[in-house]
Q: 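Structure in structure tokens, see below.
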Amino acid sequence: MAKEAAETTEKIITLASSVTVGELADTLNIPVTTLVGELFKNGIAATINQRIDFETASIIVEELGLTDVVLKKREAVSEPVADKPRHILSENATARPPIVAVMGHVDHGKTSLLDAILETKVVDDEAGGITQHISAYQVERKGRKITLLDTPGHEAFAALRQHGATLTDVVIIVVAADDGVKPQTVEAIRFAREANARIVVAINKMDKETANPQLVKTQLATEHHLNPEEWGGDTIMVEISAKAGTNIDKLLENVLLVAEMEELKADQDTPAQGLVIEAHMETGRGSVVGLLVEQGMLKPGSYIVAGTAHGKVRTLLDYKGDSLKEAGPSTPVTVTGFKELPQFGDFFKIVKNEKAARAEVAAMRSKREREAASTNVTSADILKRMSQKHEAEELEVIVKADVQGSLTSVIDSLQLIDTDGQVNLRVVGSGIGNISENDVLLAANEGTIIYGFNVDLPPAVKRQAARDKVQVRIYKIIYELLDDAKNQMESLLAPEVVETQIGSLEIKGVFRTMKESVICGGKVTSGKIMPGLHARAKRGDEVLAGAEVTKVQRQQVEAKEVFEGDMCGLELKTEKKLQIEEGDTLEFFTREVVKRTLG
Ligand code: GDP
């Protein structure tokens, strides 16, 4: 950012395509709070570090009445850099372990299976059966390694894919033999196919008396084109019991078999590169980052870049926390030494030296700045909010989580809630750590909800939230958080009015027409008529007016209801004088207000 003195009293300020709120306030020489306040007035709850695009900055400068300031956009100079380093396999590429994800319907035994494979006690540690953080482990069978991803549910898997990472080679789809194919089973099959991964089915809970593996196979074969090998198809299905530890080896051997057919290869002798699968800060250790090596050998002491973060690998640990001298393809590792936190889903690579690392980071920063216009607060947002107050309803949320991986998963999953365009969800703030006073201040906007995932709400902040009437909701289970957000979004939908046709009548005579009522007679042509029903008067196809039935008579005697074929008298309450005549028809219906739901 550069300030230029102009000949006139105008101050020309050159900005990049996006700028943080703090930087802009600094450049304009105004307090950050003034700028934040102005953004707020325009419906944008921005934090000091949030980026706003050039157009938004221009609008805000105008709104602030800074007539002597002229903003100019600095043209981008550097070439775009690709997020994912390209790698073409060399002739020396060697076999690498398969990367395997376990997916399936909730409670079908994903965690128990991982537990059985790892022979650890994962099940006991987690809340509500959903694994919290993305991490990965390795197991060895007959001298061959398998890398297992411990994905926190399907949403996170989808989020990973959204980050451009189709990193799984094989998906084990767990189906409980006593429950069969369920919605999340179908979703898992879809994900696996979209990610181009091979599928191995684990039919679990075979120890149960109610187990019906044949039904599971039939469902998979007839409805999802997964034909078991024994029926002449090409999908391996292994009947297991995660609880009793039955056939776990057989399952893993089959996973290796399927992987072998894929001839998975990688180069060892190349600078390491791969994917960030976890990132958080730890007291005493600084940044702790989970990586999955895709190519090359990762070694301590190397200079590393991931997204806009860089550092020097200080410690290199395997999934058990043991020190490694090097880590080759498909190895999940934990490293320390990043100067700041990279993001879940960022690609990492090893570079020659600190200077190269800085250059990569600068290039990535400017790339992201250019992209910021479409991913951050944009002038389109602000203009939309200024002009059309509420076309689609909007839920504003602030998301806090314990670690970067969870935060990204939660935000991405929130944004994946399918609302058919009926409700927008806007994340107006996010961060790692407990709910803070700043979050509550930010949320003081009407209706903004703070979602916390695996974080705390300190008592002082709780009091402040209660005082400011800000809703804070803390969850430990991602699905529950998502359900809550979905319910919240549903509550924003205007209720739908559903009409149910009850009967119809042909007018045979009109006895009295008053300002707000009509007394008439006719023949019920279908259904029934009773007091309290809504009515619509029609002449041919033309609708004349709406009315309400106040009285029904059969043979001059008041009746509770009259039926098809009956001649009857009617008293209708009308909104205005209703001129009906013989031959017109009346349609009768009930009207019900129904809460709308999202898909
Ligand atoms: P997830 O939600 O798919 O991760 O399922 P969990 O692994 O948490 O398992 C859900 C429930 O099913 C738990 O109560 C497990 O003890 C039980 N379970 C898992 N595998 C088996 C199995 O092979 N046999 C029996 N009988 N129960 C199982």
Side-chain angles (χ1 to χ4, degrees), residues 100-137 139 146-160 168 170-192 197 199-217 219-220 224 226 236-255 277 319 405-406 409-410 413 453-454 475-483:
V100 179
V102 175
M103 300 179 80
H105 199 69
V106 66
D107 276 349
H108 278 198
K110 297 178 291 295
T111 317
S112 306
L113 175 59
L114 278 166
D115 187 25
I117 294 173
L118 298 164
E119 291 156 2
T120 57
K121 276 278 158 238
V122 183
V123 161
D124 293 345
D125 296 343
E126 55 165 312
I130 291 164
T131 318
Q132 304 296 342
H133 307 145
I134 291 232
S135 46
Y137 313 88
V139 290
I146 298 176
T147 302
L148 281 151
L149 289 181
D150 186 358
T151 53
H154 295 199
E155 275 86 358
F157 192 82
L160 254 180
T168 11
V170 180
V171 173
I172 299 178
I173 294 182
V174 181
V175 191
D178 63 339
D179 203 21
V181 173
K182 291 281 158 203
Q184 285 169 288
T185 320
V186 179
E187 198 179 58
I189 296 171
R190 187 166 55 83
F191 279 157
I199 292 175
V200 171
V201 177
I203 303 179
N204 190 31
K205 306 200 185 182
M206 285 301 295
D207 58 297
K208 283 193 152 182
E209 268 181 26
T210 44
N212 187 350
Q214 292 307 313
L215 179 66
V216 175
K217 286 178 196 170
Q219 286 175 326
L220 290 172
H224 304 287
L226 289 175
I236 296 178
M237 300 194 186
V238 186
E239 296 175 12
I240 64 161
S241 165
K243 202 171 184 179
T246 320
N247 275 351
I248 305 297
D249 272 335
K250 186 172 165 196
L251 176 68
L252 293 177
E253 276 155 31
N254 278 294
V255 166
I277 54 175
Y319 75 92
S406 299
S409 290
V410 171
S413 303
F453 184 65
N454 267 338
Y475 286 96
K476 285 200 176 319
I477 298 173
I478 196 165
Y479 291 116
E480 290 183 359
L481 189 154
L482 296 177
D483 277 350

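Whatever order the structure lists them in is the order used to number ligands and atoms, beginning at 1.
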Q: Quick check on contacts: which atoms of ligand 1 are under 4.0 angstrom from a heavy atom of Lys110?
A: 1 (P), 2 (O), 3 (O), 4 (O), 5 (O), 7 (O)

Q: Hey, does Leu251 have a side-chain heavy atom less than 4.5 Å from the side chain of Leu113?
A: yes

Q: Considering only heavy atoms, which of Thr246, Ile248, Asp107 lies nearest to atom 2 (O) of ligand 1?
A: Asp107

Q: Side chains of His108 and Asn204: do they bring a donor and an acceptor to under 3.5 Å?
A: no

Q: Please identify which atoms of ligand 1 are closer than 4.0 Å to at least one heavy atom of Val106.
A: 2 (O)

Q: Could you tell me which non-hydrogen atom of Val216 sits nearest to which non-hydrogen atom of Ala176, and how far apart they are?
A: CG2-O, 4.1 Å

Q: Quick check on contacts: which atoms of ligand 1 are under 4.0 angstrom from a heavy atom of His108?
A: 3 (O), 5 (O)

Q: Given His105, Lys205, Glu209, which has its nearest heavy atom closest to atom 28 (C) of ligand 1?
A: Lys205

Q: Under a 4.0 Å heavy-atom limit, does Thr111 contact ligand 1 with its side chain, its backbone, both, or neither?
A: both

Q: Ligand 1 and Lys208, any nitrogen or oxygen pair closer than 3.5 angstrom?
A: no

Q: Just so I know, are the side chains of Met206 and Thr246 near enough to count as touching, which here means a heavy-atom distance under 4.5 Å?
A: no

Q: Could you tell me if any non-hydrogen atom of Met206 lies under 4.0 Å from any atom of ligand 1?
A: no

Q: Quick one: closest heavy-atom pair of Ala136 and Tyr319, and the distance?
A: O-CB, 3.4 Å

Q: Any nitrogen or oxygen of Ala242, side chain or backbone, less than 3.5 Å from one on ligand 1?
A: yes

Q: List the steps, then state whether side chain to side chain contact (heavy atoms under 4.5 Å, CB included) holds for Val171 with Ile189.
A: CA-CA 9 Å; Val171 173; Ile189 296 171; over 6 Å; no

Q: With respect to Leu113, determine whether any N or O atom, backbone or side chain, lies less than 3.5 Å from an N or O atom of ligand 1.
A: no

Q: Counting distance only, does the side-chain N/O of Lys110 pair as donor-acceptor with the main-chain N or O of Gly104 below 3.5 Å?
A: yes

Q: Run the numbers for me: atoms of ligand 1, each under 4.0 Å from some heavy atom of Ser112, listed by number.
A: 6 (P), 7 (O), 9 (O), 15 (C), 19 (C), 20 (N)

Q: Going through the checks in order, is the side chain to side chain contact (heavy atoms under 4.5 Å, CB included) test met by Thr185 and Lys182?
A: CA-CA 5 Å; Thr185 320; Lys182 291 281 158 203; 3.8 Å; yes

